[in-house]
Amino acid sequence: MQENYPFGDIETKWQNFWDENGDFKTDLAAAKNPYYCLMMFPYPSGKLHVGHGRNYIIGDAVARYKKMQGFDVLTPMGWDSFGLPAENAAIKTGTPPAEYTLANIAAMKEQLRAWGCMYDWEKEVTSCLPEYYKWTQWLFLQFYKKGLAYKKNSNVNWCPSCATVLANEQVVDGCCERCDSEVDQKAMDQWFFKITDYAQRLLDDLDTLDGWPTRVKTMQKNWIGRSEGAEIDFPIVPRADGAGDNVDKIACYTTRVDTIYGCTYMALAPEHPELKNLVKGMPQEAEVLEFIKESSKLTNLDREADEVEKEGRFTGRYLVNPYNGEQIELWVGNYVLMYGTGAVMAVPAHDTRDFAFARKYNLPIKLSIQNPEGSLVLAEMKDAYTEDGTCVDSGDFSGVDNREAIKQMTALAEEKGFGTGKINFRLRDWLISRQRYWGAPIPMVYCPSCGVVPEKEENLPILLPTDVEFKAEGESPLKGSATFMNCACPQCGGAATRESDTMDTFVDSSWYFLRYLSARDASQAINTEICNKWMPVDQYIGGIEHAILHLLYARFFTKAIKDLGLIGFDEPFKHLFTQGMICKKGPDGNLYKMSKSKGNVVSPEELLKQYGADTVRLYTLFIGPPEKEAEWQDTGVEGASRFLKRIWRRVAENHAILCGADIPVCPPDVETMEAPERDLYRKTNETIQQITRGLDGAFTFNTAIAAIMELMNAIDALKISADSSDSAKIVFRDAIVNVVLLISPFAPHIAEELWVELGHAPGVMNADWPVVNEAALKRDELDMAVQVNGKVRDQIKVPASASQTEIEAIAMASEKIQTWLEGKTVRKVIVVPGRLVNIAVS
RNA sequence: GCCGGAGUGGCGAAAUGGUAUACGCACGGGAUUCAAAAUCCCGCGGAGAAAUCCAUGUGGGUUCGAGUCCCACCUCCGGCACCA
């Protein structure tokens, strides 16, 4: 056996072996013990850095571990391959998006392979290929039939730089998530998915996701934003001049109907649909219209500012509070959003924003909730009181607890017909239209006689045309393609035009995990039987950055597809693991997540050449707890490399002993061992126990690897040589074999090579995960600490069989302890078997 | 502002309420070597000559015993944020 660790040779060798052997191919129908290990599929940007690598390395370690535990593991990989970068590359270089994308996929496949990550490529899905997007389009049609896909003209988020609309989820601080340009509001006809129909289910089912990090569940809960309240109609006081209005009342949504007796004005959103009519012909009209104009300009900037001055204008109109018949002023306020009804009843005494607004414009303030101490005095209030309390000056409700009043007052509104209890969600419908080329075309047709018509299923896929021109500005490239745009109406056969928008790429990634299970099936999108067998995904692994967008959409799709009768489960991912990002110090000395723009990217190529894949994998897993962020340090890689070399060297140095025919092939026998051998044998089994426990609960790869390092230290402590006893050699060999088994999910290539060197048939990944020998863990004697008043004062050895009283006696007999007890009264002695004795003295 | 998470050596970090600092990195010393690299051995929180004392962001509390549990506060990170 070679003295030096030839990582380059063995890594190529075993990667080829796994391929040829089909070690990661899964027979979906025949599998008896399915385990679906899923990693978020990447956008094929062309190059992965070691930060991306963490996701695949963790996933591969889990897959290999589960395989050794006897599961039929499915680990597929695919490509989230529609999206803007390919289109931007086309604008820049003229390379067609398909060509650019497929070249990147090929390059990244090689990178993944070089890392030793094994996937069942027979199940590969590529979202930009017609075989896949045909079924994305098909799902769109099913959603359309069910009323889940609809078209609406609305104000949408428009990114001028990407020249496309964005979903609310893709707007961050008023800017485009992708390019950081400021997002405008624009009225457009757009396609939406009715995710709001599922708001309640998306919220409720979060409680069933025990295997998800609470952090992610909380983020989704906040995003869905459920609130319980009431919608109350305020009648409009007719104009003095007798001119009519379109409506005779304004509805407002409130979660605090209990404060309504303190309502002193109402404020409308500047975008409120009735606002312009209500002020028409009023003396205030010009001023209000000017205000609307200014506010709409400010909308985006507002979002970025921490606190924007609340401003408003009186409309000249009045409303009636239906509870007490009082007339209140109707205002327009820049702080009111077009959310709920776009109108808020203002209760300055009990809402911070209304308080500030009322102070600014000298509007009346009325107390309607008294705090439990009864100490609120209106004249002394510096800010609104927003807590619970008792209703005051609230007609029949005075004296009622405010939480109770909400129920009673809502009931009254329903009884009298001027209001109703209502639940509101912050979540809006999902805008999926994109005015871009590189996405799945929305399979809808516009016919002059039939109107909006869905394409026939048998005509799918609606292929992306190739006769298009890519320009940085202007309309969607699809609009310029006559071959694409002109079509026959699916209903009447007459000349018609296609929808020129394509779907948001998040649509593609909302169901790919189902498609892996029937990736080559040209006859249907989803194989119900196989899906029900393999889903939900046992372990999903990906970045925290997808906590809301992708994971919420995928959950919505799963529920909608279930309602279509295609699958039998509500939630797609049983366990979710979100790994932390890998950061590195940039040239300026600050820590950033790895990115090209910060100049702190570590490419795997150089590292693989210098150290090999196993070293990079080992370091990536050892760097820290996998769910936390970690800082990449080049010296750390060196350490991982050193450790693998050390394992290799131990096997090479002791090859004769490890494979020698002169040692009996039999399991270690605890009864006949000398003490040092027993210590090592115990350590080996303790290590197996610790690592197995760690990997089953959380993914404590870092401590698992530390445990293997400790075991290696213990192996070296035995100082084996040719002259050692058979018993010692057997224990030594057992320890080395277990090191190889335990490290194999993390550093699979070296493990495979050493496995063979140790005399086994090739294929450590198909070996059984080691099992603890309980007999090895037993001890005759235990080391225990003796504390006096909680401070360690001595170490004692006690027989493992000693009773608590016996342990106490041994502790008390210690000379050191005696000196600490001198002149003191022992009040209490606590014995924690196997750990310590604590003597409390006064 | 609201909701999460975190704060432990020079650094990355360990620790079911039970001996704080495992494991690794860096550093120092020694062995080997003509020399170096590699490797192997030893040391490595602070103060102190030592006994011993002090150390897990700060201050309190519960407990025989707290990094861990409770209360208050400080700092950092993430999410949400005029949602009525």
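All of these numbers come straight from a predicted model, not from anything done at the bench. Below, chains carry the letters A, B, ... as their sequence lines are ordered, and counting in each starts from 1. In what follows, every heavy atom counts, from backbone to side chain, and hydrogens, waters and symmetry copies are set aside.
As a whole-Å value, the separation of A/Trp331 CH2 from B/C82 C1' is 18 Å. The distance from atom CZ of A/Phe622 to atom P of B/G24 is 7 Å, rounded to the nearest whole Å. Between the NZ atom of A/Lys217 and the P atom of B/C3 there is a distance of 19 Å, given to the nearest Å. A straight line from CG of A/Asp354 to P of B/A84 spans 12 Å, rounded to a whole angstrom. At whole-Å resolution of the value, NZ in A/Lys791 and C1' in B/A66 are 14 Å apart. Atom CZ of A/Arg827 is separated from atom P of B/U63 by 11 Å (rounded to the nearest Å). With rounding to whole Å, A/Met709 atom CE is found 12 Å from B/A13 atom C1'.
Scored by the side chain to side chain contact (heavy atoms under 4.5 Å, CB included) test, A/Glu653 finds A/Arg649, A/Arg650 as partners (sequence neighbours excluded). With sequence neighbours excluded, no residue forms a side chain to side chain donor-acceptor pair (under 3.5 Å) with A/Thr703.
A/Asn702 comes within 4.0 angstrom of the backbone, heavy atoms only, and of no base. Contacts of A/Gly639 with the nucleic acid, taken as non-hydrogen atoms under 4.0 Å apart, involve only primed sugar atoms and P, OP1 or OP2. Contact annotation for A/Asn789: no contact, since no heavy-atom pair falls under 4.0 Å across all strands. A/Val786 comes within 4.0 angstrom of no nucleic acid atom, judged by non-hydrogen atoms across all strands. Using a 4.0 Å heavy-atom criterion, one finds that A/Phe643 contacts no nucleic acid atom at all. The residue A/Arg793 sits close only to the backbone: its heavy atoms come under 4.0 Å of sugar-phosphate atoms, none of a base.
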For side chain to side chain contact (heavy atoms under 4.5 Å, CB included), just list the numbers for A/Trp212 and A/Gln220, CA-CA rounded to whole Å, side-chain angles, deciding distance to a tenth of an Å, and then say yes or no. CA-CA 11 Å; A/Trp212 279 41; A/Gln220 293 216 352; 4.1 Å; yes
After noting the C-alpha distance and the side-chain angles of A/Ile715 and A/Leu680, does the key distance pass the side chain to side chain contact (heavy atoms under 4.5 Å, CB included) rule? CA-CA 7 Å; A/Ile715 288 172; A/Leu680 175 57; 3.8 Å; yes
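B/G29 and B/A38 have their P atoms separated by 15 Å, given to the nearest Å. Rounded to whole Å, the P atom of B/U56 lies 13 Å from the corresponding atom of B/G7. Taking atom C1' in both B/U62 and B/G12, one finds a spacing of 34 Å when rounded to whole Å. Taking atom P on both nucleotides, B/C71 is separated from B/C76 by 23 Å, rounded to a whole Å. When the C1' atom is used for both B/G57 and B/A66, the distance is 16 Å, rounded to whole Å. With P as the reference atom, B/G24 and B/C41 are 11 Å apart, rounded to whole Å. The P atoms of B/C53 and B/A20 are separated by 13 Å, rounded to the nearest whole Å. Rounded to whole Å, the P atom of B/U19 lies 10 Å from the corresponding atom of B/G67.
Listed for the A/Asn654 side chain is no donor-acceptor partner under 3.5 Å among the backbone atoms of A/Ile657. With A/Asp794 contributing its side chain and A/Lys816 its backbone, the two residues share no donor-acceptor pair below 3.5 Å.
A salt bridge links A/Lys584 with A/Asp634: the distance from a Lys NZ or Arg NE/NH1/NH2 to an Asp or Glu carboxylate oxygen falls below 4.0 Å. The pair A/Glu231-A/Lys249 does not count as a salt bridge, with every side-chain nitrogen at least 4.0 angstrom from each carboxylate oxygen.
For A/Gln633, taking side-chain heavy atoms from C-beta onward, the closest of the listed nucleotides B/C25, B/C11, B/G79 is B/C11. Comparing B/A84, B/A20, B/G79 by their nearest atom to the side chain of A/Val792 picks out B/A20. Here B/C53 is the nucleotide among B/G24, B/C53, B/A84 with the atom lying nearest to any side-chain atom of A/Trp820. Among B/C80, B/A20, B/C23, the nucleotide with an atom closest to any side-chain atom of A/Trp223 is B/C80.
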What pairs of nitrogen or oxygen atoms, one from the protein and one from nucleotides 15-18 of chain B, lie under 3.5 Å apart?
none

Distances under 3.5 Å only, N/O to N/O: pair up the protein atoms with those of nucleotides 38-46 of chain B.
unit_1	atom_1	unit_2	atom_2	d
B/U39	O3'	A/Arg649	NH1	3.1
B/C40	OP1	A/Arg650	NH2	3.2

Dot-bracket line, read 5' to 3' along RNA chain B, where crossing pairs take [ ] and | marks a partner on another strand, Watson-Crick or G-U under 3.5 Å: (((((((..(((.....[....))).(((((.......))))).(((....)))..(((((..]....))))))))))))....
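Pairing each heavy atom of A/Ser842 with each of A/Lys824, the nearest pair is O-CD, 3.3 Å. Between A/Leu644 and A/Ile743, the closest heavy-atom pair is CD2-CD1, 4.1 Å. Across all their heavy atoms, A/Ile58 and A/Gln579 have their closest contact at CD1-CB, 3.7 Å. Shown here for A/Thr196 and A/Arg428, the closest heavy-atom pair between the two residues is CG2-C, 3.6 Å. Nearest heavy atom pair, residue A/Leu742 against residue A/Ile691, reads CD1-CD1, 4.0 Å.
Under the ring-ring contact (aromatic ring centres under 6.0 Å, His included) test applied with A/Tyr619, the options A/Phe701, A/Phe746, A/Trp632, A/Phe643 reduce to a single match, A/Trp632.
Checked against the 6.0 Å centroid criterion, the rings of A/Phe357 and A/Trp331 qualify as a close aromatic pair.
Each of A/Arg256 and A/Lys828 has a nearest nucleotide on RNA chain B; the 5'-most of these lies closest to A/Lys828.
For B/G61, the O4'-C1' to base torsion is more than 90° from 0; the nucleotide is therefore anti.
Of the residues in residues 341-351 of chain A, those placing a heavy atom less than 4.0 Å from an atom of RNA chain B are A/Val344, in numerical order.
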